[in-house]
Amino acid sequence: SSGINAEWPLRPGKLEYKQNLMRVSNITFVMFNKDTMVVPKESEWFGFYKPGQDKELMTLQDSDLWKEDKLGLKEMDSQGRLSFLKIEADHLRVPEAFWSDEIIPRLKV
């Protein structure tokens, strides 16, 4: 089965993505500002290139995914259940202090 990014527009039976995601108490997205693996690094926050080119970026908040609240992220954000963090590091090179100061506190419900 293909991943969620290949599933648009949502087909019948795919609404469980939104339903399941909405059950999560909170989500933390981390963008690695020095990422050498993920292109564009903004996709770590669901951003991506504007259609038809690979230079100009579109944020999650500018996308139909957000505007039409296809995954419930917009609603979750309005409830304070989303966090968007940046770290000055390469892909998954997370210092211990970042875990203890930024990530672990967000895991506590």
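It should be emphasised that the depicted structure is a prediction, and the values quoted were computed from it without experimental measurement. In this chain, numbering begins with 1 at the start of the sequence shown.
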With ring centroids as reference points, do Trp45 and Phe84 lie under 6.0 angstrom apart?
yes

Any donor-acceptor N/O pair, Gln19 side chain to Met22 backbone, under 3.5 Å:
no

Worked check of side-chain contact (heavy atoms from CB on, under 4.5 Å) between Asn33 and Lys41:
CA-CA 7 Å; Asn33 285 335; Lys41 70 181 183 324; 3.9 Å; yes

Just verifying a value: how many Å separate Tyr49 OH and Lys55 NZ, rounded to the nearest 0.5 Å?
7.5 Å

So, the side chain of Asp35 versus the backbone of Val38: is there a donor-acceptor pair under 3.5 Å, distance only?
yes

dist Leu85:CG -> Asp101:CG (nearest 0.5 Å) comes out at 11.5 Å

When rounded to the nearest 0.5 angstrom, what is the spacing between CD1 in Ile87 and CZ in Phe98?
4.5 Å

With rounding to the nearest 0.5 angstrom, report the CZ to CD1 distance, Phe46 to Ile27.
7.5 Å

Is there a donor-acceptor pair closer than 3.5 Å between any side-chain N or O of Lys18 and the backbone N or O of Asp69?
yes

Would a distance-only check, ignoring hydrogens and angles, find a side-chain to backbone donor-acceptor pair under 3.5 Å from Trp66 to Gly72?
no

Parallel, tilted or perpendicular: which fits the ring planes of Phe32 and His91, with parallel below 30° and perpendicular above 60°?
tilted

Please tell me if the side chains of Leu71 and Met76 come closer than 4.5 Å, counting only heavy atoms from C-beta onward.
no

Please tell me if the side chains of Phe29 and Ser83 come closer than 4.5 Å, counting only heavy atoms from C-beta onward.
no

To the nearest 0.5 Å, how far apart are NZ in Lys67 and CG in Leu60?
11.0 Å

Minimum heavy-atom separation for Pro105 to Ser100, with atom names?
CD-O, 3.3 Å

Are Ile103 and Val94 side-chain neighbours, meaning at least one heavy-atom pair lies under 4.5 Å?
no

May I ask you to test the Thr28-Leu107 pair for a side-chain heavy-atom distance under 4.5 Å?
no

I'd like to check Glu44 versus Val30 (side-chain heavy atoms, cut-off strictly below 4.5 Å). Are they in contact?
no

What distance do Gln79 atom CD and Lys74 atom NZ have between them, rounded to the nearest 0.5 Å?
13.0 Å

Any donor-acceptor N/O pair, Arg81 side chain to Leu73 backbone, under 3.5 Å
no

Does Glu56 use its side chain to pair, donor to acceptor, with the backbone of Gln53 at less than 3.5 Å?
no

Check: Arg106 main-chain N/O paired with Asn26 side-chain donor or acceptor under 3.5 Å:
yes

